[in-house]
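FYI, side chains are in, hydrogens and waters are out, and symmetry mates aren't considered; it's all heavy atoms of this structure. Heads up: numbering here begins at 1 and tracks the sequence.
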Amino acid sequence: MGSGSLLLNAKKYAAEPGYIKYYGQELMTSTYNLARMNMFLHRVVPENQILHNGDTLDGDWPTGEETSFDMVLMNPPYSAKWSAAAGFLQDERFSDYGVLAPKSKAAYAFLTHGLYHLKNSGTMAIVLPHGVLFRGAAEGKIREKLLRAGNIYAVIGLPANLFYNTSIPTCIVVLKKHREGRDVLFIDASRKYEKGKKQNSMTDEHIDSVIQLYDSRETVDKESFLASFEDIEKNDFNLNIPGYVDTFEKEEEIDLNDLLADMKKTDREIEQVQGEFTSLLKELTSNNETIMSSLNELIGMAERGLL
């Protein structure tokens, strides 16, 4: 949950923001208290705040409360570690996949946790590093299972240096619980940003263009690609965005004749300048024999084109 900022962003896009209930869990007590304060500052009434201070992966969501949500938003810590104890293979959040996310990279543990708590009609969005899109071993097996089930709906590549806690480029993986079809929309938004001194940012115009691509759900040259399940299967379930969205810009062809003419012109200009420089050197004089000796040597080098 962090400080709750990502959850609170839902208010911007809701027709009736006063009816939204916010559920979240945060491990760090100080950050949990900050999230609670953030909720009050944004005028979220207490009955709409269901926040917990706990370990999301090891502790899951408290029993006896709502555990299925219309929308799940997650920005988990990158390369977070977790126990990955064998007992978790019996946990309903992870048991369908047959393997657990690696101890040193809990990204897919967070992802499957969030997906488990999503309503059948809901949508989930999680911000992750690009490694989750192509790494193999256990992560590859979980990714394949998600793709075969049609859970992964879209992958959106974001610009680098967009977040405070990391400078690396990240992506948004959008998931749905049950849907028809297993195609995946890829969007490359890595160049949609304004460069800042310390941090890059996406303007409303950039965000609107990504939303338009997401809503239209079709292939747009150099921006998006709607990949069929067969496309992804042929690619060994690798979701690396450049493998689907070709953003290569062909360089303008160079006219060798024009280039040769420019080089000859530059040579003539250099020769002219060297001649003028040599003439100026010859106009210099001195009564000091040492200076004149050095000057004559310099003139000789200029005449031989060694300067």
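At most 12 heavy atoms of other shown residues, nucleotides or ligands fall within 6.0 angstrom of atom NZ in K145. Within 6.0 Å of CD on Q199 lie more than 12 heavy atoms contributed by other residues, nucleotides or ligands. Around atom NZ of K81, no more than 12 heavy atoms belonging to other residues, nucleotides or ligands sit under 6.0 Å away. Atom CG of D204 is surrounded by 12 or fewer heavy atoms from other residues, nucleotides or ligands within 6.0 Å. A 6.0 Å sphere centred on CD of E269 holds more than 12 heavy atoms belonging to other residues, nucleotides or ligands. Shown here is M28, whose CE atom has no more than 12 heavy atoms of other residues, nucleotides or ligands within 6.0 Å. For CD of E47, the number of neighbouring non-hydrogen atoms (other residues, nucleotides, ligands) closer than 6.0 Å is greater than 12.
Remark: H178 NE2 to L118 CG distance equals 9.5 Å, nearest 0.5 Å. With rounding to the nearest 0.5 Å, the separation of CZ in F110 from CG in L128 is 10.0 Å. Atom CD in Q25 sits 8.5 Å away from atom NE2 in H117 (nearest 0.5 Å). Interatomic distance, I291 CD1 to L295 CG, rounded to the nearest 0.5 Å: 9.0 Å. Remark: L239 CG to I152 CD1 distance equals 5.0 Å, nearest 0.5 Å. Atom-to-atom distance recorded for S3:OG and L8:CG is 8.0 Å, nearest 0.5 angstrom.
Both V220 and I207 belong to a common hydrophobic cluster when Ile, Leu, Val, Met, Phe, Trp and Tyr are linked at side-chain heavy-atom distances under 4.5 angstrom.
Tested against F69, the residues Y23, Y22, Y116 include a single ring pair (Phe, Tyr, Trp, His ring centres under 6.0 Å) partner, Y23. Considering N33, L34, N38 in turn, N33 is the only one that fulfils the side chain to side chain contact (heavy atoms under 4.5 Å, CB included) rule with R36.
Taking 4.5 Å as the limit, some side-chain heavy atom of L146 sits within range of a side-chain heavy atom of L111. When side chains are defined from C-beta on, N48 does not count as touching I20, because their heavy atoms never get closer than 4.5 Å. Proximity of L51 to M1: side-chain heavy atoms (C-beta onward) are separated by under 4.5 Å at one or more points. Within the 4.5 Å cutoff, no side-chain heavy atoms of D246 are placed close to those of F225. Contact of the S83 side chain with the D58 side chain is registered, since non-hydrogen atoms from C-beta on lie closer than 4.5 Å. Side-chain contact between C171 and V173 is present, with heavy atoms from C-beta onward closer than 4.5 Å. Between V245 and I187, every side-chain heavy-atom pair lies at or beyond the 4.5 Å cut-off. Inter-residue side-chain proximity for K177 and L115 is flagged as met; some heavy-atom pair is nearer than 4.5 Å.
Taking the six-membered ring for Trp, F88 and F94 have ring centres closer than 6.0 Å.
With hydrogens and angles disregarded, a donor-acceptor distance shorter than 3.5 Å links the side chain of R143 to the backbone of R135. In this structure, the side chain of W82 engages the main chain of A101 through a donor-acceptor pair within 3.5 Å.
Membership of the apolar cluster around L73 extends to L6, M71, as traced through chained side-chain contacts below 4.5 Å between ILVMFWY residues. Hydrophobic clustering, defined by side-chain heavy atoms of Ile, Leu, Val, Met, Phe, Trp and Tyr closer than 4.5 Å, leaves Y19 isolated from every other such residue.
Among all heavy-atom pairs drawn from A14 and P17, the shortest one is O-CD, 3.5 Å. The minimum heavy-atom distance between M74 and G114, with the atom names listed, is SD-CA, 3.9 Å. Closest approach of Q90 and S95 over heavy atoms only: C-CB, 4.3 Å. Residue G4 comes nearest to A35 through the heavy atom pair N-CB, 4.1 Å, listed as atom of the first residue, atom of the second, then distance. When all heavy atoms are compared, the tightest approach of K192 to D188 is CE-O, 4.5 Å. In terms of heavy atoms, A107 sits closest to V132 at CB-CG1, 3.6 Å.
Applying the side chain to side chain contact (heavy atoms under 4.5 Å, CB included) test to R43 and every residue at least two apart in sequence or in another chain returns nothing. Checked against side chain to side chain donor-acceptor pair (under 3.5 Å), N151 has no partners two or more places apart in sequence or in another chain.
Screening residues 101-111 for side chain to side chain donor-acceptor pair (under 3.5 Å), with sequence neighbours left out, gives no hits. Contacts classified as side chain to side chain donor-acceptor pair (under 3.5 Å) and involving residues 210-221 (residues at least two apart or in different chains) are given here: D183-R217.
Under 4.0 Å is where a charged nitrogen must lie from a carboxylate oxygen, and between E144 and R148 at least one such pair does.
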Next on the checklist: Walk me through whether L147 and V184 qualify under side-chain contact (heavy atoms from CB on, under 4.5 Å).
Outcome noted: CA-CA 9 Å; L147 288 163; V184 177; 3.8 Å; yes
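Between the side chains of S209 and H206, not a single donor N or O lies within less than 3.5 Å of an accepting N or O. A donor-acceptor contact under 3.5 angstrom links the side chains of T123 and K176, judged on distance only.
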